[in-house]
Amino acid sequence: MHFPVQEKQGFSVIALSGDVDMNHSPHARKAILSCLKKMQHVMVDLSSVDYIDSSGVASLVEGFQYARSNNLEFGLLSVSDTAMSILKLARLDKVFQIYPSLEARLENAR
Amino acid sequence: MHFPVQEKQGFSVIALSGDVDMNHSPHARKAILSCLKKMQHVMVDLSSVDYIDSSGVASLVEGFQYARSNNLEFGLLSVSDTAMSILKLARLDKVFQIYPSLEARLENAR
Amino acid sequence: MDCNNILVRLSFCSKASRLKLMRSVIKDAADIVGLNNEQADEVVLAVNEACMNVIQHSYLMNPDGQIEVEIAADEQALLFRIRDYAPAVDSASCCSRDLDEVRPGGLGVHFIQTLMDECGFLAQPEGGGNLFQMKKYIRQ
Amino acid sequence: MDCNNILVRLSFCSKASRLKLMRSVIKDAADIVGLNNEQADEVVLAVNEACMNVIQHSYLMNPDGQIEVEIAADEQALLFRIRDYAPAVDSASCCSRDLDEVRPGGLGVHFIQTLMDECGFLAQPEGGGNLFQMKKYIRQ
Ligand SMILES: Nc1ncnc2c1ncn2[C@@H]1O[C@H](COP(=O)(O)OP(=O)(O)O)[C@@H](O)[C@H]1O
Ligand SMILES: Nc1ncnc2c1ncn2[C@@H]1O[C@H](COP(=O)(O)OP(=O)(O)O)[C@@H](O)[C@H]1O
C-alpha cells in the first residue's frame, strides 16, 4: 500500500485510501511524518478511505502532535461519514482541523 | 425470502432477487411451479439477482421442463452477466428463452 | 497452523443458511490475492458448490454436521480445503454428467472442475471424514 | 458446535493482514441478523479492535498466535467470542483512558465499550488462553 503525496498550494496533500487499518496505518503514519519532517504543512485527504480503525486514528493524532510542536499546519480533508463517526467516538472531531476540501481550507485563510 | 409475482400481459412475472442459493432456491422453485401449476405462462425476472448457484439453476430447469410438458411458455428476463455466465457454464444459455425485458418478449411475438 | 500461507479457516454447520457468510470470505480472499472479479466469482461459485455437495451428499441434509473450509495462498495459487466428518465418500461416484441432457441437478461437479485449475479428494484425514482440495492459479 | 446459534467460527493467525477477511465476515453476519448499516459498522469496528488487542497485547505482535472468532446469534443479540492461546490477561488492566488527553493509542477499549452493549472476559477456557465476549443487541 502506497499513499500518494501531492504538493498543492503550499501543502503536502496525502491521499489515504482503502482500509487504513492495523495492516496499512504504518504506511499512513510514515507518509504523514515524512512530510512533516521536511517541514511541510500537511492535509490528509480521507475521501477514498473505506475503513479506519484506532490505529489509523493514532497515525493522524501523531501527525497532529508533531505538527503542533513544530508550528506546522495539519488538517483533514473530505472526511467521510464513517471516518467522522470514528473521530467523534475518539472525541477528536473538535481537535483536528477538518475541511470539506483543500479549496475550503484556502477560502478559509482569506 | 418471498419472491413477488405480477400478472403482466398474460404472463406471471416472477421477480427473483438477492442470492438464489441453496438457502433460497426452494422458494424460487415453489414460486415458479405454483404459477405453472395454475397453467400460467411464466417469465422469471433475474434483474435483481446478485448470485445464483446450481440449486437456483435447477429451479429454473424444473420450471422449463414443467412448462414444456404442459405446453406453457417459460422464459427468463434481464439475465445479468453473472447469471448468464453460469447458464453458459451449465450449457443452458441456448436452452432457455432469454429476453432483455418483457417488452422485448412481446415485440418478439408480433 | 501454517501462518505464512493460511489466510483463514472457517468452520460452520451443514446448513444452507451458512453458505452466504462463507461466500463472502471466499470473495474477499480472492480479491486479496489479486484475482480479478470474474475469477473471484468463479472461485466463490466452485467453493459454494463443494460445500453444497458436503451438505447434500456427505451429511445427507443433516444440519448438525461440521464443515471446515481452509483458505490458503501462495504466489502461484489460491487453495481451498473442505473438510467434513461424514463417512468416507467414494470419489469415483463424484463425477459430472452429460450436460446435453437437460435436467435439474448434476451441475456441481462440472462447475467445480471447469472453474478450478485442480481439484480432488485428498487422503482421509486423521479423525475421519473427507478432505476435498481445490486450487485456482493466480495468473498475473 | 451449537448449530442453532453459531453462524460461523473463524480461525486465523495473529497478523494484521488477516483482519480484513475477518471484518468482512462480521459485516455480513451483522447484515444477516438484521442490524442496520450503522450498527454493522459499529460491530465491525469493535470486533476489529478486540482482535487488534489480541495481536498487540496478548500475542505481543508475535505473528504465529492463533485467534478464533465465534459469531453466534439469537433473537436478542449478535454475540462474538474471541479466543486466544496467550498467557492469561489481567482484565483489570484493560481499561479505557481519559480521552481529553490527546495522544495516539488507547482508544480500542473505549471503542469496544461504547459500541457494544455488553463485553468482558469470560472464565479462562479449557486449554488456556483468553476468551473475550461481546454482545450487540438486536433492536427491531
Ligand atoms: N461430498 C460428496 N459426498 C458424496 N458424494 C458426492 C459429493 N459430492 C458429489 N458427490 C456425488 O457426485 C454426484 C454429482 O454431484 P453434482 O455434480 O454436484 O450434482 P448433484 O449434487 O446435483 O447431484 C452427486 O450426485 C453425488 O453422488
Ligand atoms: N487482549 C489484551 N490482552 C492484554 N492486555 C490488553 C488486551 N486488550 C487490552 N489490553 C490492555 O488495555 C489497554 C488499553 O487498550 P486499548 O484501549 O485498546 O489501547 P491500546 O491498545 O492502544 O493501548 C492496553 O494498553 C493493554 O494494556
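Within every chain, numbering begins at 1; the chains are lettered A, B, ... in the order of the sequence lines, protein sequences first and strands thereafter. Values reported hereafter were calculated over all heavy atoms of this structure, with side chains retained and with hydrogens, waters and symmetry mates removed.
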Under 4.5 Å from any heavy atom of chain C, what part of B/L92 do you find: side chain, backbone, both or neither? side chain

What distance do B/M22 atom CE and C/L19 atom CG have between them, rounded to the nearest 0.5 Å? 7.0 Å

Part of C/L45 within contact of chain B (heavy atom distance under 4.5 Å): both

Enumerate, by atom name, each donor-acceptor pair separated by under 3.5 Å where one atom lies in chain C and the other in chain B.
| residue | atom | partner | partner atom | Å |
| --- | --- | --- | --- | --- |
| C/K20 | NZ | B/D19 | OD2 | 3.0 |
| C/R23 | NH1 | B/D21 | OD2 | 3.0 |
| C/R23 | NH2 | B/D19 | OD2 | 2.7 |
| C/R23 | NH2 | B/D21 | OD2 | 2.9 |
| C/N48 | ND2 | B/Y51 | OH | 3.1 |
| C/N48 | ND2 | B/D53 | OD2 | 3.0 |
| C/E49 | OE1 | B/S54 | OG | 2.6 |
| C/E49 | OE2 | B/S54 | N | 2.8 |
| C/E49 | OE2 | B/S54 | OG | 3.1 |
| C/V102 | O | B/Q65 | NE2 | 2.7 |
| C/H110 | NE2 | B/L89 | O | 2.8 |

Shortest non-hydrogen contact from C/G105 to B/A58? N-CB, 3.8 Å

Note: C/L99 and B/L89 closest approach over all heavy atoms is CD1-O, 3.9 Å

